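Written below as structure tokens is the structure these notes are about.
These numbers were taken from a predicted model, which means no experiment stands behind them.
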Amino acid sequence: MALPQWHGFIDPVIRIMADGQIRRNAEIRTAVAERERLSAEDMAEVMSSGEARWANRINWAVFDSMKAGLLVRQARGQYRISDEGLRRAGESARLTHQSLREYEPYRAYQEISRHPKAASAVQVSGIGEDGAAVVVESDPSEALEQSAAQLNQVVIDEIYRNLLELSPDAFEHLIPFVVRALGYGTDREDNLKPTQRSGDKGVDGIVWQDALGFDRVYLQAKRYSEGNNVGAPEVQAFSGALGQFRATKGIFITTSSFTSGARAVARDTAHYTLILIDGQRLATLMFEYGVGIQVDRTVVVKKVDQDFFDKF
């Protein structure tokens, strides 16, 4: 079962608080997690900020329920149910985001909060009485995370487009620098060495793993157009070259992709490790390791340190 969105936790939050007890946020989160039987897998999922996703979603369910008037903030970080919340908890109907929107204070809060909402963060949770779709937006933290993911994908797509526009020679000279950024190689001056065209035995580059050059990674690079996939014969040829060099590691990189036969050849090699990297994976690795990109801007997202306020 997938982890519920933040609005899926509104109902269990109010049901738990219906006993009239005053609880801290952490206590509410624990009680909701137990009531909803969140799995270890659910609770292991983290956001890009490092915060547990399940905890973030329950926090927003608590906060929005308070804004609607179903919960009351008793003290810093402490909540109790309101009379209206108790009344709604006595009803059999499940409480949803649409339930919160029945209250004017909540609608006003949504109007003035100006949360950063990405188009991908909008979800249809059901159909209203008038037949219109009921739209629910992700919480602000997840909307920001999704927006960042969209921006990152745009950059990755641009990297891929630039790779396709390189000449075959330029692509071959690029690859050793990418492999170096991945952590392969040493600081020796000739660490990144494209091979010469004649007598290279199907190897386009070599990266040394140690200062003396005992351990090496052999590279093969093919700048192919999209749809012109690398097949088993090309990978077999590179595999044979690795055998001639008595290599233990090889990386075959292309701007296109690999056929199932090519992947089978790499998978079945017995005496050395042969890694295949297609164009999309290459673009993603270049993005992740900062090759060919620069930082455009840095956005600092802050949140309240509840532990600080709880000390007073």
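Between A18 and L86 the shortest heavy-atom distance is O-CD1, 3.4 Å. I14 and I81 make their closest contact through O-CD1, 3.8 Å (heavy atoms, listed as atom of the first residue, atom of the second, distance).
Distance alone, capped at 3.5 Å, is enough to place a donor-acceptor pair between the R57 side chain and the L3 backbone. With hydrogens and angles ignored, the 3.5 Å screen pairs a side-chain donor or acceptor of R107 with a backbone N or O of R101. One N or O on the side chain of Y272 and one on the backbone of S239 form a donor-acceptor pair closer than 3.5 Å. T269 places a side-chain N or O within 3.5 Å of a backbone atom of A266 that can act as its donor or acceptor partner. The closest donor-acceptor contact from the side chain of T255 to the backbone of Y224 lies under 3.5 Å. At distances below 3.5 Å, not a single donor-acceptor pair connects side-chain atoms of S65 with backbone N or O atoms of L70. R15 contributes a side-chain N or O that, together with a main-chain N or O of A89, makes up a donor-acceptor pair within less than 3.5 Å. Checked by atom type and distance alone, the side chain of R29 never pairs as donor or acceptor with a backbone atom of W54 at under 3.5 Å. Between the side chain of S39 and the backbone N or O of D42, at least one donor-acceptor pair lies under 3.5 Å. Judged by distance alone, the side chain of E172 and the main-chain N or O of D169 form no donor-acceptor pair under 3.5 Å.
Donor-acceptor pairing under 3.5 Å is recorded for the side chains of D157 and Q153.
Inter-residue side-chain proximity for L71 and V62 is flagged as met; some heavy-atom pair is nearer than 4.5 Å.
Here R88 pairs with E91 in a salt bridge; the nearest charged N to carboxylate O distance falls below 4.0 Å.
Ring-plane geometry between Y218 and F245 is classed as parallel, the angle between the planes falling under 30 degrees on a 0 to 90 degree scale with a further cut at 60.
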